[in-house]
Amino acid sequence: MVDVTVRGAGVFGLSIAWECLSRGAKVRVIDPNGVAAGASGGIVGALAPHVPENWNEKKERQFESLIAAEDFWKNVQFWAGIETSYARTGRIQPLADERAVALARGREETSKLLWKGKAQWRVCHADDLLGLVPDSATGQYVHDTLTARIFPKQACEALAKAIEARGGVITTEAEDAGKVVWATGVHDLERMNRHFAGNIGSAVKGQGALLKYDASNAPQVFADTVHIVPHWNGTVAVGSTSEREFETPFDTDEQLDAVLERAYAVLPVLRDAEVIQRWAGLRPKAKSRAPMLGAHPLFEGQFIANGGFKIGFGMATEIARMMAEMILDETDSIPAEFGPDASL
Ligand SMILES: Cc1cc2nc3c(=O)[nH]c(=O)nc-3n(C[C@H](O)[C@H](O)[C@H](O)COP(=O)(O)OP(=O)(O)OC[C@H]3O[C@@H](n4cnc5c(N)ncnc54)[C@H](O)[C@@H]3O)c2cc1C
């Protein structure tokens, strides 16, 4: 009695399973490595929007996903009975020079239309901000109210609990039954690379660190290419490296030390905080750099959800909705640039 089998218990697989369950389907998730064993078992979790300009389908879908996330995670928390760690706490970005200020002011205007009054992007001064406020060479900042934070591993554990609470099954081994969705991240990209003897996608290594520092619900900070993300449990995450070439996928090294140094320069108060975890994982990146959603290129009648790359958590809600519609209703609302053909 299974309508949908989801292979892969990362954020994509679990979110799709959850959405299918919520629409009344009987769902089984299979992952030989357990929940959040891949990229989704990380610690950074910046759900950050694209800048509000040069709008396109990808940015619109991500915007919709970030807006939908609030209700999505509230519902998950209700069923799971444990913290999801999601909160729309916003983000602060210092503006380094007058050119950056001018650009940010232009975006302040375009955001009013593109963000439909559902979130704000504003240029402001330090006096207008609370929380961890870095120095700014111009004295000015962008503060947006769309960015959210989530602790990836905790969010996946909550999703898994919520799925089980509503009768879904999560297991390490079972036969496929019903409609089958592959959400197996790097595993599937490598399988397609072998099959098509080409570059359909690749793994991009990322390293992050977790500091013991309680910044509560302070907005996250993005400066000097570093994300500094206060989490709900008295920690602050710092990330990430972006490595196309690497020898050891799951080890951390001096490249993470360099990210930490940049974070300390942005927010010197963090220098004395204990580093309680160093973490590395592989982001699944499709050749198109966009999510890869739809009919599976290798298995007729089956589906794929892959290519989360750097925004997998931010996109998960909208991806779950589009995939559930396709799997259960045969309704295709997936933009062409997210189709597997974009990378084949
Ligand atoms: C350092 C770092 C920082 C990041 N920061 C952010 C961020 O701030 N914001 C954001 O939105 N995203 C971020 N990401 C990206 C995000 O983590 C990924 O996009 C997302 O986790 C991808 O989810 P997934 O479910 O597609 O893949 P995964 O989480 O990799 O899940 C794939 C699963 O498939 C399983 N599997 C493999 N083979 C099989 C098989 N044969 N059968 C069944 N299951 C199988 C694996 O065990 C794994 O659990 C970051 C990633 C990294 C590495």
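One-based numbering, in listed order, for ligands and for the atoms of each. Index from 1, following the sequence. Values below: every heavy atom of this structure, side chains too, minus hydrogens, waters and symmetry copies.
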When you measure from [atom] to each heavy atom in [options], which option holds the nearest one?
atom	options	value
atom 38 (N) of ligand 1	Lys205, Glu173, His187, Arg149	His187
atom 8 (O) of ligand 1	Ser240, Ala209, Ala46	Ala46
atom 23 (O) of ligand 1	Gly308, Gly312, Gly8, Ser40	Ser40
atom 40 (C) of ligand 1	Leu66, Thr184, Ile311, Thr5	Thr184
atom 27 (O) of ligand 1	Gly34, Gly185, Ala9	Gly185

| message | Using side-chain heavy atoms (C-beta onward) and a distance below 4.5 Å, is Tyr264 in contact with Val269? | response |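 Counting from C-beta outward, Tyr264 and Val269 never come under 4.5 Å.
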Heavy-atom contacts under 4.0 Å between [X] and ligand 1: side chain, backbone, both, or neither?
X	answer
His227	neither
Phe309	backbone
Asp188	neither
Ala183	backbone

| request: Decide if the gap between the ring center of His227 and the ring center of Phe222 is smaller than 6.0 angstrom. | output: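 They qualify: ring centres under 6.0 Å apart.
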| said: Can you confirm whether or not the ring centre of Trp279 sits under 6.0 Å from the ring centre of Phe250? | reply: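 Not under 6.0 Å, so no.
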| Without hydrogens or angle criteria, can the side chains of Asp188 and His296 be said to hold a donor-acceptor pair below 3.5 Å? |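 Looking only at side-chain atoms, His296 and Asp188 do form a donor-acceptor pair, the distance falling under 3.5 Å.
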| query | Closest non-hydrogen protein atom to atom 48 (C) of ligand 1, residue and atom name please, with distance? | reply |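 It is Asp31 OD2, 3.4 Å.
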| message | As an exercise, identify every atom of ligand 1 less than 4.0 angstrom from a heavy atom of Gly38. | response |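 With Gly38 as reference, the close atoms of ligand 1 come out as 29 (O), 30 (O), 48 (C), 49 (O).
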